[in-house]
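These notes concern the structure reproduced below.
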Amino acid sequence: MNFNSFANSLDILSKLPFFYYPFIFIISLLVGSFLNVVILRTPKILEQSYKIECTEILELDEAVLEAENNSQESISLSFPPSTCPKCNTKIKPWHNIPVISYFLLLQGKCHNCKTPISIRYPIIELTTALLSVLTIYLLGFSGSGLLALLLLWTLISLTMIDIDTYLLPDNLTLPLLWLGLVINSFGVFTDLSSALWGAIVGYGSLWSVFWLFKLVTGKEGMGYGDFKLLAALGAWMGWQFIPLIIILSSFVGAVIGIAGILILGRDKNIPIPFGPYLAIAGWIAFLWGDQLIDYYLTSLA
């Protein structure tokens with residue numbers, strides 16, 4: 001199928017909302033299930049890779065390296081098959097149907113040992129589906145709308161990984177950055193010049209804040225992954241949105257932080273990752289940034 005045929009198909013489908021909304025919802029539920037795997041396994045894959053690299057760099061005995069490799073299975077997104085962390089029973093395909101299996105078939109417990117399964121899994125699946133439908137509702141069933149789903153799904157993965165591990169993996173942030181530059185070379189969301197400078201300004205702004213904070217306090221206030229994530233958001237939206245994303249991320253962080261302390265009793269001394277706030281702010285700016293900027297400028301007039 002060539003590009004024109006694909007574009008014509010999208011144009012036809014865009015006139016059939018009764019078809020594409022349920023389609024997007026179901027596909028996004030499946031994607032949400034896959035994102036759970038990405039969120040869980042990506043840090044483990046990175047840890048395994050780091051151990052191998054460190055062993056090679058330190059030139060440890062080959063027997064040590066072989067023993068290390070034999071003690072752990074090689075992990076990927078597809079291997080080994082998903083199992084219950086308690087009893088190691090393989091999860092059957094019909095027990096892995098997004099949302100439905102959790103509530104109707106499993107009732108929130110392992111089929112074999114009855115160990116409770118975290119509710120975060122169906123929440124991520126359902127959140128992915130609902131936000132995906134919202135995205136298509138706002139942007140339309142079009143090439144730009146489908147590309148926006150890739151941004152959304154990656155931001156969900158990065159948010160949860162950062163919450164779990166305080167890491168924003170390069171193998172997610174850097175492809176997102178390059179994809180933003182590539183698609184905007186065709187002027188999908190902004191022009192290439194704005195996208196390029198968005199990446200530069202996004203990275204440079206947080207890099208400057210990082211070093212200023214470190215010089216003043218002697219502490220590191222954020223990680224390099226945050227710089228790369230803001231650079232990626234700038235590549236998708238353009239440099240004009242960087243100030244808005246930074247302001248929104250501070251606002252989102254304040255709201256969530258205060259709510260966590262007052263409602264959940266969270267210890268205010270426990271560090272909170274900045275990546276989720278950037279991701280949430282970036283997504284708000286992506287969908288409603290123009291309206292927010294126009295409202296702000298109008299209020300100043």
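This one's a predicted model, so the numbers in the text were calculated from it and none came from an experiment.
Partners of Lys109 by side-chain hydrogen bond (donor to acceptor under 3.5 Å, both in side chains), not counting sequence neighbours: none found. Pro116 is linked by a side-chain contact (heavy atoms from CB on, under 4.5 Å) to nothing, counting only residues two or more places apart in sequence or in another chain. Take Asn96 and apply the side-chain hydrogen bond (donor to acceptor under 3.5 Å, both in side chains) test, not counting sequence neighbours, and it matches no residue. Asp290 meets the side-chain hydrogen bond (donor to acceptor under 3.5 Å, both in side chains) test with no other residue; sequence neighbours excluded. In this view, Thr217 and Phe213, Lys219 satisfy the side-chain contact (heavy atoms from CB on, under 4.5 Å) rule, not counting sequence neighbours. Legend: residues meeting side-chain hydrogen bond (donor to acceptor under 3.5 Å, both in side chains) with Ser193, ordered by chain and number and at least two apart, are absent.
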side-chain contact (heavy atoms from CB on, under 4.5 Å) assessment of Asn36 paired with Leu40: CA-CA 6 Å; Asn36 277 321; Leu40 179 64; over 6 Å; no

Candidate pair Leu230 and Asp226, rule side-chain contact (heavy atoms from CB on, under 4.5 Å), full reasoning: CA-CA 6 Å; Leu230 187 56; Asp226 298 319; over 6 Å; no

Test side-chain contact (heavy atoms from CB on, under 4.5 Å) applied to Tyr203 and Tyr224, step by step: CA-CA 9 Å; Tyr203 189 94; Tyr224 278 65; 3.6 Å; yes

Derivation and outcome, side-chain contact (heavy atoms from CB on, under 4.5 Å), residues Phe286 and Leu139: CA-CA 10 Å; Phe286 186 79; Leu139 300 182; 3.8 Å; yes

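Centroid-to-centroid, the aromatic rings of Phe210 and Trp207 stay 6.0 Å apart or farther. In this structure, Tyr21 has its ring center at least 6.0 angstrom away from the ring center of Phe141.
Side-chain contacts under 4.5 Å among hydrophobic residues (ILVMFWY), followed directly or transitively, place Leu104 together with Ile97, Ile100. Listed by chain and number, the hydrophobic cluster partners of Val216 are Leu212, where partners are ILVMFWY side chains within reach of under 4.5 Å, directly or through others.
The two residues Leu77 and Val38 make their nearest non-hydrogen contact at CD2-CA, 4.0 Å. Counting all heavy atoms, side chain and backbone alike, Gly145 lies closest to Thr135 at O-CG2, 4.2 Å. Looking at every heavy atom in both residues, Lys44 comes nearest to Ile75 through CB-CD1, 4.0 Å.
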Only pairs under 3.5 Å count here: list side-chain donor-acceptor contacts from residues 22-31, not counting sequence neighbours, and write none if there are none.
from: Ser28; atom 1: OG; to: Ile24; atom 2: O; distance (Å): 2.7
from: Ser28; atom 1: OG; to: Ser132; atom 2: OG; distance (Å): 3.1

Give the table of side-chain donor-acceptor pairs shorter than 3.5 Å for residues 236-260, with sequence neighbours excluded, one pair per line with atom names and distance.
from: Trp236; atom 1: NE1; to: Leu176; atom 2: O; distance (Å): 2.9
from: Gln240; atom 1: NE2; to: Ser194; atom 2: OG; distance (Å): 3.2
from: Ser249; atom 1: OG; to: Ile245; atom 2: O; distance (Å): 3.1
from: Ser249; atom 1: OG; to: Ile246; atom 2: O; distance (Å): 2.7
from: Ser250; atom 1: OG; to: Ile246; atom 2: O; distance (Å): 3.0

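Taken from CZ in Phe79 to CZ in Arg41, the straight-line distance is 9.0 Å, to the nearest 0.5 Å. In this structure, CH2 in Trp288 is found 15.5 Å from CG in Asp294, a value given to the nearest 0.5 Å. Here the straight-line distance linking atom CG of Leu147 with atom CG of Leu151 works out to 9.5 Å at 0.5 Å rounding. Rounded to the nearest 0.5 angstrom, Thr154 OG1 and Leu229 CG are separated by 10.0 Å. A distance of 9.0 Å separates CG in Asn171 from OG in Ser49, rounded to the nearest 0.5 Å. Annotation: the span from Ile136 atom CD1 to Leu152 atom CG amounts to 9.5 Å, rounded to 0.5 Å.
Hydrophobic clustering of Ile, Leu, Val, Met, Phe, Trp and Tyr side chains at less than 4.5 Å, counting indirect connections, keeps Leu292 apart from Tyr295. With hydrophobic clusters built from ILVMFWY side chains whose heavy atoms lie under 4.5 angstrom apart, Leu179 shares a cluster with Phe186. Each of Leu167 and Ile45 belongs to its own hydrophobic cluster when Ile, Leu, Val, Met, Phe, Trp and Tyr are linked at side-chain heavy-atom distances under 4.5 angstrom. Linking ILVMFWY residues whenever their side-chain heavy atoms come closer than 4.5 Å, directly or via other members, places Ile119 and Leu106 in the same cluster. Follow the hydrophobic side-chain contacts under 4.5 Å out from Phe189 and you reach Leu146 in the same cluster.
You'll find the side chain of Ile156 stays beyond 4.5 Å of the side chain of Thr159, heavy atoms only. Inter-residue side-chain proximity for Leu174 and Pro169 is flagged as unmet; no heavy-atom pair is nearer than 4.5 Å. For the pair Ser101/Trp94, no side-chain contact is recorded, criterion being any heavy-atom separation below 4.5 Å from C-beta on. Considering only heavy atoms from C-beta on, Pro81 stays 4.5 Å or farther from Ile91 through its side chain. Looking only at side-chain heavy atoms (C-beta outward), Cys87 and Cys110 come within less than 4.5 Å of each other. Side-chain contact between Leu172 and Ser157 is present, with heavy atoms from C-beta onward closer than 4.5 Å.
Within the structure, salt bridge (charged side-chain N to carboxylate O under 4.0 Å, His left out) pairs that include any residue of residues 141-166 comprise Arg120-Asp164 (at least two apart or interchain). A salt bridge (charged side-chain N to carboxylate O under 4.0 Å, His left out) check over residues 124-145, counting only residues at least two apart or in different chains, returns nothing.
Dense packing is recorded around NE2 of His95, with more than 12 heavy atoms of other residues, nucleotides or ligands lying under 6.0 Å away.
Side-chain N or O atoms of Thr42 include none that pairs as donor or acceptor with a backbone N or O of Ile39 at under 3.5 Å.
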